[in-house]
2 protein chains.
Amino acid sequence: MSDEGTAAVQRTRNRWGEGERLRGEILDGAGRVLSELGGGDGLTIRGVARVVGIAPASIYQHFADREALVRGLIAHEFDRLRDLMRAADEAVDAGDAVGRLRARLHAYCAFAVDNPGHYRLMLGNGAERPAPDRPPAGPLVDVIDTLRVAFERCAEAGHALRVPADRAAVMVFVGAHGRVALLHSNPGEQHARAVTPFVDEFVDLLFV
Amino acid sequence: MSDEGTAAVQRTRNRWGEGERLRGEILDGAGRVLSELGGGDGLTIRGVARVVGIAPASIYQHFADREALVRGLIAHEFDRLRDLMRAADEAVDAGDAVGRLRARLHAYCAFAVDNPGHYRLMLGNGAERPAPDRPPAGPLVDVIDTLRVAFERCAEAGHALRVPADRAAVMVFVGAHGRVALLHSNPGEQHARAVTPFVDEFVDLLFV
DNA sequence: ACAGTTACCAAACAATTGTTCGGATACTTG
DNA sequence: CAAGTATCCGAACAATTGTTTGGTAACTGT
């Protein structure tokens, strides 16, 4: 049932070198490849090995196969995105609920603009989970959920919403995601700066 | 400078059979492959040839290379999308400007929901045009422009907007696109029906 | 220092890919 | 019917891919 590392790895951490050191380097190298080569395809085992400076076979001791590698990379990058959003939130005065919401969104957009390859890989997949789980789970809904609590904090602070908080969360997420996707498929660099005021305008639209 | 067909083909239309008959069948077959195999990758010359029932070599008389084939397919599908949106618009009573706008958006969402593979291929590309043209051109901005005129018609009919028409157009497009992308990366079938009321709610948000 | 375990690598295998070349086929023109 | 031409296909080439196998070097505890 385990996804990637195979039991052998997690049994031997901190024995050789720092244990899972190479695993992290592989993920970093994969991220670097993804940054240079735009699309999620083209991310090849051999290419990652070449960037990291190791043999292709060495990757198979940390990831079962190519699919496990991209799964690991996606999870890694989602963790990074969540940390960035949380850090941006906590860097704002705790009393300014709307400012914290804006900071979260700005961090999201900055990540998407700075890492187009990662972003497309994280949000460009489809038809992966055959199980029709009733609650649509996944890292995306986690992000949306953090936005929901941010909206709820705004509402508790006295800023009235035009729609329920959960609805506002998916609306603003959808707006940010759509705006970023529009930027990515139309690479006019002069518009990269325009995405932040756009989502700000979006947020304004959701308060009375 | 010509993109795909090579001069030989367009010089001989309507000579053999119906001229560019096979070209259309190839595009249709490519679309079928794209519908079954989700992603834009995996759309292979040999796969298309197998589906159409021809030899892989036969494709190269209608398309210079694989890239030209996907370019042709993208253009083909954008034409189809534009026709669908226009037909939906014209099927509504000409006096109901908001209804016509809604019809355009519904047609857009229906296309995106029914053809996930096409949709991802059409909007999932990036870093293709190295020329930093000042006006960000492309089929997407054409779609947005039709939405802009639809919004302007609404404004002329007396429905006041909360933002300028061009701004409203990109906002509602971004909303629809983001909602569809969210659906695609979270394939919960019970939500496919939820995208239309979502964009309706979006439209409501843009009028006073 | 010695045995045991682990991380890593060089090499090769099988499969698939885009693409090209020469010939066979079917249609049009005279 | 003959000549000409455009269309399509079988076969092959070179390149790249994911993956496996057996071996080598490094580090562990005793």
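Letters go in sequence order (proteins before strands), and every chain restarts at 1.
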Q | Atom-to-atom span, CD1 of I26(A) to C1' of dC9(C) - whole angstrom | A | 13 Å

Q) Where the side chain of T44(A) is concerned, which of dT17(D), dC9(C), dT17(C) is the nearest nucleotide? A) dT17(D)

Q) What is the distance from CZ of R23(B) to C1' of dC8(D), rounded to the nearest Å? A) 17 Å

Q) For the side chain of A57(B), counting heavy atoms from C-beta on, which of dC21(C), dA10(C), dT17(D) is nearest? A) dC21(C)

**Q.** Integer-rounded Å distance: dA10(C) C1' and Y60(A) OH
**A.** 15 Å

Q) Starting at CG of D65(B) and ending at P of dT20(C), how long is that distance when rounded to a whole Å? A) 8 Å

Q) Where do I144(A) and A169(A) come nearest, in terms of heavy atoms and distance? A) O-CB, 3.7 Å

Q. Side chains of D89(A) and L101(A): closer than 4.5 Å at any heavy-atom pair?
A. no

Q: Return the minimal non-hydrogen interatomic distance between L34(A) and L73(A), and the atom names on each side.
A: CD2-CD2, 4.0 Å

Q) Just how far, in rounded Å, is C1' of dA6(D) from CG of L22(B)? A) 13 Å

Q) Can you check whether H62(A) has a side-chain N or O nearer than 4.0 Å to OP1 or OP2 of dC8(C)? A) yes

Q: On the 0 to 90° scale, with breaks at 30° and 60°, tag the H177(B)-Y119(B) ring pair as parallel, tilted or perpendicular.
A: tilted

Q: Nearest-nucleotide wise, let me know which of I45(A) and P56(B) is further upstream toward the 5' end of DNA chain D.
A: P56(B)

Q) Which nucleotide in the list dT17(C), dC9(D), dC9(C) gets nearest to the side chain of I54(A)? A) dC9(C)

Q) For the pair made of CD in Q61(B) and C1' in dA6(D), what is the distance, rounded to whole Å? A) 8 Å

Q: Answer yes or no: does a side-chain N or O of R21(B) lie under 4.0 Å from OP1 or OP2 of dC8(D)?
A: yes

Q: Show the numbers, then the answer: is there a ring pair (Phe, Tyr, Trp, His ring centres under 6.0 Å) between F78(B) and Y108(B)?
A: CA-CA 11 Å; F78(B) 262 111; Y108(B) 181 89; 9.1 Å; no

Q. In terms of the nearest nucleotide of DNA chain C, which residue is placed more toward the 5' end: S58(A) or R46(A)?
A. S58(A)

Q. Roughly, in whole Å, what's the span from CG in L43(B) to C1' in dT17(C)?
A. 13 Å

Q: May I have the distance from R66(A) (atom CZ) to dT20(D) (atom P), rounded to whole angstrom?
A: 15 Å

